[in-house]
*Asks:* 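Questions regarding the structure given below will be posed in turn.
Being a predicted model, the structure only gives us computed values, none of them experimental. In what follows, chains are A, B, ... by sequence order, proteins preceding strands, each numbered from 1.
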Amino acid sequence: MKSPAEQLQLLTRGTAQIISEKELLKKLERGTPLRAKLGVDPTSPDLHLGHSVVLEKLRQFQELGHQAVLIIGDFTAQIGDPTGRSKTRPPLSREAILSNAETYTEQAFRILDREKTEVVFNGEWFNKMSFSDVIQLNARVTMQQMLQREDFKNRIANDQEVRLHEIQYPIVQGWDSVEVRADVELGGTDQLFNILVGRDMQKTEGMEPQVVMCLPILEGLDGVQKMSKSLNNYVGISEAPREMFGKLMSISDELMARYSLLLMGEEIDSTIHPMEAKKSLAAALVTRYYTTDEAAAARDNWEAMFSRKDLDAADLPDFAIGERRDLVGVVTEVYETIFSSPKSGSDVRRLIQQGSVQLDGEKLTDPRAEPAWARGQVLKVDKKRSVRIA
RNA sequence: GGGUAGAUUCCGGAGCGGUCAAACGGGGCAGACUGUAAAUCUGCUGGCUAUGCCUUCGAAGGUUCGAAUCCUUCUCUGCCCA
């Protein structure tokens, strides 16, 4: 086992903020495993690289012999975390939450060590609370404290509504820390406020307050907004190697540097061509969730498709012409069934007219065309997506 | 409870009886260029069995040849006062 000082050094690496390192060191010096808490709301069924930043940190705790406590916010998901929101979150149905929780944990264990993870649902304690329990919980914090929050302040300043259940969220999350007796709570920097509330709650309960450990927020593929499924700027950790590789190749150079730092903990090698650096990064990330062989295959295929533009050599998904043989019909089908990104007939028509669609390298710009389809032809629907006619 | 302002297409926001599938900006998508980078330029951005047709401007009714625009009721939200 590593010394407390060594552990501290490893654990603080890549973090954005820790309150406080001194406290963390003290806890480490106790020599008993720390309880490291991470709360997740199963609001979406898929985990992406944004989540992975904090999950990797939690795994690091596990590797150092500590206890990971993963709280599934089945209860909190019903409230909806207002963090970073300019609008109230729509509530989720109970069924959706439970099924999300299922896929969520499944994916989380691609990163975490299942054996060393304690999984708890916070509905376990919150669903048992009576209304007077709730009132007492609320009595622990002041309105002024809650209004300190950036999101709420902004909304109020902009004359937007803030509903009362939303200001309960930090209270509820804070109480989780008391319930699981957390020593450390991990989260994105946007969780700072919520985690601090947990600290206060523990103090009033006479517990030793948890250490706050915030990790940087990963930007999405657009490089501006935070990675999230709803903005469709994410790379899912269970996406196919090729998808993952391709998405990572589309990021900007600035973003590449950031991803490298936050996800791999490394600086980009500035002596090589940025594209090469990006390929290495993409391959390294694919390897993390798959194997080196699969990463290499993804890279080869990508190079065939986009560097050499040799679509014949590339391994493309097959598409069998169905009922509809007209161009609009076929392209619509391809988007829907092969790439699962449905487009309306009008969208497809537009793509065709704008010269996005090619058959064996020939642009097809007439939406009414009905090409003589033949097995083996390559149908390119846009710059990034092609299929082979089967 | 009283007063007042408002609800428009993904978002912001014009429109105030026909010329409105609705200006403009943002975002998004596509094309050109390129390193599936950035920057730049161009086009598109409700749907369809598509030179026309259908459904949209908080909801329901009404006036009118004709309504996002006028009237009635309802629902929701902000702000001010208590």
*Asks:* Now, which nucleotide makes the Watson-Crick or G-U wobble pair with B/rU40, with each of the two distances under 3.5 Å?
*Replies:* B/rA32
*Asks:* Students often get this wrong, so: under 4.0 angstrom with heavy atoms, is A/Ile251 touching a base, only sugar-phosphate, or nothing?
*Replies:* sugar-phosphate
*Asks:* From C-beta outward on A/Asp347, which listed nucleotide comes closest to its side chain: B/rG78, B/rG47, B/rA37?
*Replies:* B/rG47
*Asks:* Any strand is fair game: report the nucleotide pairing with B/rU72 by Watson-Crick or G-U wobble, both distances under 3.5 Å, or none.
*Replies:* B/rA60
*Asks:* For atom C1', what is the distance between B/rG52 and B/rU63, given to the nearest Å?
*Replies:* 30 Å
*Asks:* Check the distance between B/rA50's C1' and A/Asp326's CG and give it to me in whole angstrom.
*Replies:* 13 Å
*Asks:* Taking any strand in view, what nucleotide pairs with B/rC10 in a Watson-Crick or G-U wobble way, both distances under 3.5 Å?
*Replies:* B/rG26
*Asks:* So if I apply the salt bridge (Lys or Arg N to Asp or Glu O under 4.0 Å) rule between A/Asp382 and each of A/Lys380, A/Lys384, A/Arg385, which one comes out positive?
*Replies:* A/Arg385
*Asks:* Is any side-chain N or O of A/Ser346 closer than 4.0 Å to OP1 or OP2 of B/rA50?
*Replies:* no
*Asks:* Which of these nucleotides, B/rC33, B/rG35, B/rC29, is closest to any side-chain atom of A/Lys383?
*Replies:* B/rC33
*Asks:* What's the gap between B/rU8 and B/rA59 when it is taken at their P atoms, as a whole Å value?
*Replies:* 10 Å
*Asks:* Classify the ring geometry between A/Tyr104 and A/His51 as parallel (under 30°), tilted (30 to 60°) or perpendicular (over 60°).
*Replies:* perpendicular
*Asks:* Let's see if you can work this out: which of B/rG78, B/rA30, B/rG35 has an atom nearest to the side-chain heavy atoms of A/His273?
*Replies:* B/rG35
*Asks:* If we take the C1' atom in both B/rU75 and B/rU40, what is their distance in whole Å?
*Replies:* 48 Å
*Asks:* Quick one: OG1 on A/Thr15 to CD on A/Gln60, what's the gap to the nearest 0.5 Å?
*Replies:* 9.5 Å
*Asks:* Distance check needed: B/rC29 P versus A/Gln353 CD, whole Å only.
*Replies:* 20 Å
*Asks:* Looking only at side-chain atoms of A/Gln354, point me to the closest of B/rA30, B/rA32, B/rG78.
*Replies:* B/rA30
*Asks:* Output the rounded distance in Å from CZ (A/Arg349) to P (B/rU45).
*Replies:* 13 Å
*Asks:* Provide the distance between the two C1' atoms, one in B/rG28 and one in B/rG46, to the nearest whole Å.
*Replies:* 15 Å
*Asks:* Which is true for A/Asp253 with a 4.0 Å heavy-atom rule: it touches a base, it touches only sugar-phosphate, or it touches nothing?
*Replies:* base
*Asks:* In plain terms, say whether A/Lys26 and A/Glu208 are close enough for a salt bridge, that is, a side-chain N and a carboxylate O under 4.0 Å apart.
*Replies:* no
*Asks:* Take A/Trp373 and A/Gln377, measure what side chain to side chain donor-acceptor pair (under 3.5 Å) needs, and give me the verdict at the end.
*Replies:* CA-CA 7 Å; A/Trp373 303 104; A/Gln377 283 173 320; over 6 Å; no
*Asks:* Round to the nearest Å and state the distance from A/Lys309 atom NZ to B/rC33 atom P.
*Replies:* 10 Å
*Asks:* Evaluate the side chain to side chain donor-acceptor pair (under 3.5 Å) criterion for residues A/Thr117 and A/Gln62: first the C-alpha distance (whole Å), next the side-chain angles of each, then the deciding distance (0.1 Å), finally the verdict.
*Replies:* CA-CA 8 Å; A/Thr117 307; A/Gln62 292 184 318; 2.7 Å; yes
*Asks:* Tell me what A/Ser356 touches on the nucleic acid: a base, only sugar-phosphate, or nothing, going by heavy atoms under 4.0 Å.
*Replies:* sugar-phosphate
*Asks:* If you measure from the P atom in B/rU45 to the same atom in B/rC10, how many Å do you get, rounded?
*Replies:* 14 Å
*Asks:* If only side-chain N and O atoms of A/Ser344 are considered, is one of them under 4.0 Å from the OP1 or OP2 phosphate oxygen of B/rC48?
*Replies:* yes
*Asks:* Verify the contact: side-chain N or O of A/Arg163 to OP1 or OP2 of B/rU77, cut-off strictly under 4.0 Å; return yes or no.
*Replies:* yes
*Asks:* Using whole Å, what does the distance between atom C1' of nucleotide B/rC11 and atom CD of A/Gln160 come to?
*Replies:* 11 Å
*Asks:* When all nucleic acid strands are considered with a 4.0 Å heavy-atom cut-off, which category describes A/Lys279: base, sugar-phosphate, or nothing?
*Replies:* nothing
*Asks:* Could you work out which one of B/rA30, B/rC44, B/rA32 sits closest to the side chain of A/Lys363?
*Replies:* B/rA32
*Asks:* Is there a donor and acceptor pair, one atom on the side chain of A/Asp222 and one on the base of B/rG27, closer than 3.5 Å?
*Replies:* no
*Asks:* Expressed in angstrom and rounded to an integer, what is the separation of A/Glu161 atom CD from B/rA5 atom C1'?
*Replies:* 16 Å
*Asks:* How close or far is atom P of B/rC29 from atom NZ of A/Lys343, stated in whole angstroms?
*Replies:* 9 Å
*Asks:* Report which part of the nucleic acid A/Lys278 touches: base, sugar-phosphate, or nothing (heavy-atom distance under 4.0 Å, all strands).
*Replies:* base
*Asks:* With A/Arg299, which of A/Arg242, A/Met249, A/Lys279 fulfils side-chain contact (heavy atoms from CB on, under 4.5 Å)?
*Replies:* A/Lys279
*Asks:* What distance, rounded to whole Å, do you find between the two C1' atoms, one in B/rA82 and one in B/rC11?
*Replies:* 36 Å
*Asks:* Can you tell me if the side-chain N/O atoms of A/Arg368 get under 4.0 Å from OP1 or OP2 in B/rU51?
*Replies:* no
*Asks:* Figure out the CG/C1' separation between A/Leu351 and B/rG31, and round it to whole Å.
*Replies:* 10 Å
*Asks:* Across all strands, who's sitting opposite B/rG1 as a Watson-Crick or G-U wobble pair, both distances under 3.5 Å?
*Replies:* B/rC81
*Asks:* Where each residue is assigned the nucleotide of RNA chain B containing its nearest heavy atom, which of A/Gln358 and A/Glu254 is assigned the position nearer the 5′ end?
*Replies:* A/Gln358
*Asks:* Distance check, C1' atoms only: B/rC33 and B/rC48, in whole angstrom units.
*Replies:* 36 Å
*Asks:* What's the gap between B/rG25 and B/rC80 when it is taken at their P atoms, as a whole Å value?
*Replies:* 34 Å
*Asks:* Check each of A/Arg110, A/Lys229, A/Lys247 against A/Glu239 using the salt bridge (Lys or Arg N to Asp or Glu O under 4.0 Å) test, and report the only one that passes.
*Replies:* A/Lys247
*Asks:* Return whichever of A/Ser252 or A/Lys380 has its heavy-atom-nearest nucleotide of RNA chain B closer to the 5' end.
*Replies:* A/Lys380
